[in-house]
Amino acid sequence: MAAVPDAFYITTPIYYVNDVPHIGHAYTTLACDVMARFHRLDGKRVMFLTGTDEHGQKVEKSAQAAGMDPLVFCDKVSRNFRDLSSLLGFSNNDFIRTTEERHTVACQALWRAVIASGNNDIYLGKYAGWYSVRDEAFYGEDELIESPKGKLAPSGAPVEWVEEPSYFFRLSAWRDRLLAYYDSHPDFILPAARRNEVVSFVKSGLRDLSLSRTSFKWGIPVPDAPGHIMYVWFDALTNYVTAVGYPDTGTASFKTFWPALHVVGKDILRFHAVYWPAFLMAAGVEPPARVFAHGWWTIEGQKMSKSLGNFIAPSALVGKYGLDAVRYFLMRELPFGADGDYSHRAMVGRLNGDLANDLGNLVQRVLSFVAKNCGAKVPSPGTLTTDDDRLLDASETLLDRARALIDRQELHLVLEEIWRVIGDANRYVDAQAPWALRKSDPLRMATVLYVLAETIRRIAILVQPFMPTAAGRILDQLAVPGDRRTFTALVDAPALVPGVALPKPEGVFPRYVEAAA
Ligand code: ME8
């Protein structure tokens with residue numbers, strides 16, 4: 001997902017500044033963080049971008065309501081999203097704001113490049129139609145829902161009739177070229193079910209797209225067209241190329257990283273998989289490498305909404321369950337791509353089951369046994385049996401399985417595979433019963449404990465992208481040096497070195513206990 005094989009470029013949507021960040025936003029950025037960390041540990045040069053979408057009528061109105069200048073308003077609220085990175089341990093390399101000068105330059109250059117291609121993809125017309133300020137989108141009459149309060153967009157947002165001169169993008173002319181592109185790039189849109197939805201939408205015919213507005217001011221001016229402000233999606237989507245140096249496509253950054261993997265929620269797939277590749281192709285720029293659309297979280301069975309007041313602030317979750325548990329839960333609970341529900345019960349189930357019981361207990365019982373019975377040093381193994389080899393093979397081959405899954409963004413399956421090996425390791429402890437070998441066969445006991453410690457080392461290295469802090473603490477307890485925590489170190493010799501002194505073990509995943517009522 002980049003121009004060169006050892007590079008990786010991943011992006012989140014840029015979030016509307018006037019919303020308060022909630023678990024939905026945290027989810028998308030977290031998934032990107034996991035992939036970014038995975039590829040860094042795998043030795044790639046990674047560019048991981050997130051940021052805020054700061055233009056449009058909605059922001060202009062919110063700033064007015066707050067009695068603030070729009071830029072001052074944006075400076076204040078975009079910080080809420082920037083702060084998410086430190087709260088949730090996101091490792092983004094850049095944070096883009098669409099109000100930055102570099103972005104104005106990129107948007108205007110992309111616009112000019114479409115004009116310069118000479119294909120009349122942008123033309124001046126008159127827009128008359130239904131517009132939803134809340135969705136920042138135009139709708140056709142046939143898409144609207146009648147309600148006692150008047151016409152509504154499919155999202156339930158109110159719409160208003162708008163008539164004004166507007167530049168248009170000739171999207172109607174792109175149907176066949178887009179279909180040909182999807183055909184020749186079968187994995188351009190994932191998961192496959194979402195791809196099919198986009199293909200049938202495009203097949204049914206595309207309407208030209210209004211690209212500019214004259215009725216508000218808070219946006220990027222259309223070049224050489226006084227009074228026209230860019231339609232928010234042309235502006236917003238361009239952020240992905242701004243951040244790697246567009247319009248200078250000769251920079252090392254553009255040449256290394258573009259095209260990107262865009263991760264988005266299913267709500268904005270159409271903008272990314274239809275409009276965006278068309279804009280880029282019209283400007284002579286390569287389309288993105290892939291658009292992956294994930295599913296939608298509900299909260300305790302209900303849609304998140306302002307009226308229900310059930311938005312969950314990521315800080316509240318981290319405060320209650322701890323950062324690693326929240327990161328694990330979000331990545332494990334839903335197949336990445338599917339919809340799902342957040343509930344306290346499900347969170348506690350994962351925390352106490354997968355983390356405290358499965359991984360936490362494995363680490364704790366093995367390391368405390370080593371501390372007590374092997375002089376607090378990495379034990380020296382004797383000859384390996386087939387059972388030992390089987391467990392070591394399972395953890396060694398895990399990396400290749402994880403790589404294949406990450407390449408298709410099947411993040412939950414990576415965790416499932418890791419937890420399968422954790423299950424194997426726990427069964428191995430029970431079957432080999434090292435405590436029973438202490439007196440009868442200390443060499444075999446040392447071998448069993450070595451195999452287990454080495455398995456834990458590999459698991460912890462692979463868990464790092466998901467739970468960097470907890471995985472780091474496990475690796476600390478195994479005295480694995482900082483430069484031996486990459487994926488190369490996972491399979492390369494030397495593995496754990498017998499005789500190396502180990503620090504005092506301590507529990508990594510405390511059980512969650514309900515506070516007394
Ligand atoms: O659409 N479940 O910004 P936005 C899962 N600025 N993900 C969710 C979610 C939920 N309940 N709620 C939000 C915009 N998200 C534009 C994007 S990109 C060039 C411009 C996540 O602030 C999900 O990733 O409304 C969704 O696509 C995104 O937040 C929408 O963020």
Side-chain angles (χ1 to χ4, degrees), residues 10-33 49-59 62 74 77-78 80-82 84 88 90 95-99 103 106-107 110 132-137 153 155 157 194 219-220 230-243 260-277 279-280 288 291-306 308 310-314 317 329-331 333-343 409 411:
I10 189 162
T11 69
T12 74
I14 45 170
Y15 304 109
Y16 288 131
V17 257
N18 47 336
D19 277 341
V20 176
H22 57 67
I23 141 175
H25 307 117
Y27 180 58
T28 317
T29 313
L30 171 61
C32 293
D33 183 62
L49 177 70
T50 186
T52 41
D53 190 353
E54 307 192 358
H55 289 132
Q57 204 166 0
K58 208 160 42 165
V59 174
S62 303
C74 290
V77 285
S78 77
N80 295 333
F81 283 93
R82 201 183 275 265
L84 266 191
L88 292 166
F90 297 150
F95 185 97
I96 191 162
R97 298 181 53 193
T98 53
T99 46
H103 184 61
C107 286
L110 194 72
S132 154
V133 175
R134 201 160 98 192
D135 297 352
E136 303 275 24
S155 60
R194 299 258 173 249
I220 295 179
M230 285 182 200
Y231 163 64
V232 285
W233 282 96
F234 191 91
D235 165 346
L237 290 161
T238 301
N239 90 84
Y240 302 129
V241 287
T242 304
L261 161 61
H262 298 315
V263 179
V264 297
K266 63 180 183 178
D267 55 327
I268 54 173
L269 173 61
R270 199 181 281 184
F271 299 100
H272 285 77
V274 182
Y275 302 176
W276 182 223
F279 294 164
L280 287 170
V291 182
F292 186 98
H294 66 66
W296 217 240
W297 283 94
T298 50
I299 304 294
E300 307 277 355
Q302 283 184 310
K303 224 179 131 178
M304 269 189 268
S305 82
K306 283 209 171 92
L308 288 172
N310 62 347
F311 284 98
I312 295 202
L317 284 190
F329 174 83
L330 291 174
M331 290 295 96
E333 186 66 6
L334 307 192
F336 197 53
D339 294 336
D341 188 50
Y342 164 84
S343 69
Q409 291 73 53
L411 307 178

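Residue numbers run from 1 in the order of the sequence given. Start at 1 and go down the list; that is how both ligands and their atoms are numbered.
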Note the single closest protein heavy atom to [atom], along with its residue, its atom name and the distance in Å.
atom: atom 25 (O) of ligand 1; answer: Tyr16 CD1, 3.4 Å
atom: atom 19 (C) of ligand 1; answer: Tyr240 OH, 3.5 Å
atom: atom 7 (N) of ligand 1; answer: His294 CE1, 3.3 Å
atom: atom 17 (C) of ligand 1; answer: Ile14 O, 3.2 Å

Under a 3.5 Å distance rule, please check whether His262 uses its side chain to pair with a backbone N or O of Ala293 as donor and acceptor.
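No, because the side chain of His262 does not come within donor-acceptor range (under 3.5 Å) of the backbone of Ala293.
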Could you tell me whether the side chain of Asp341 and the main chain of Glu300 form a donor-acceptor pair under 3.5 Å?
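Side chain of Asp341 to backbone of Glu300: a pair is present.
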Is there a nitrogen or oxygen of Val264 sitting under 3.5 Å from a nitrogen or oxygen of ligand 1?
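There is no such contact.
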If I take atom CD from residue Glu333 and atom OH from residue Tyr342, how far apart are they, to the nearest 0.5 angstrom?
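Here the rounded value is 10.5 Å.
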Could you list the atoms of ligand 1 found under 4.0 angstrom from a heavy atom of [X]?
X: Gly295; result: 5 (C)
X: Ile268; result: 1 (O), 17 (C), 27 (O)
X: Thr28; result: 21 (C), 23 (C), 24 (O)
X: Asp267; result: 26 (C), 27 (O), 30 (C)
X: Asp53; result: 6 (N), 16 (C), 20 (C)
X: His22; result: 9 (C), 12 (N), 13 (C)
X: Met304; result: 11 (N)
X: Ala236; result: 19 (C)

Option whose closest heavy atom lies nearest to atom 9 (C) of ligand 1, chosen from Trp297, Trp296, Tyr275, Tyr15:
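Result: the heavy atom closest to atom 9 (C) of ligand 1 is in Trp296.
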Are [Y] and [X] an aromatic pair, judged by ring center distance below 6.0 Å?
X: Phe279; Y: Phe271; result: no
X: His272; Y: Tyr240; result: yes
X: Phe81; Y: Phe95; result: no

Check the angle between the aromatic planes of Phe336 and Phe292 and answer parallel, tilted or perpendicular using the 30° and 60° thresholds.
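Rings of Phe336 and Phe292: parallel, under 30°.
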Verify the neighbour count for atom CZ of Arg194: are there more than 12 heavy atoms of other residues, nucleotides or ligands below 6.0 Å?
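Correct, the count exceeds 12.
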Pair Asp339 + Lys266: basic N to acidic O under 4.0 Å:
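A salt bridge links Asp339 with Lys266.
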Tell me whether ligand 1 is touched by [X] - counting only heavy atoms on the residue side and a distance under 4.0 Å.
X: His272; answer: yes
X: Lys266; answer: no
X: Trp233; answer: yes

Can Thr99 and Glu54 be said to form a side chain to side chain donor-acceptor pair (under 3.5 Å), step by step?
CA-CA 6 Å; Thr99 46; Glu54 307 192 358; 2.7 Å; yes
Consider only side-chain N and O atoms of Tyr15 and Thr29, and report whether a donor and an acceptor are under 3.5 Å apart.
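Yes.
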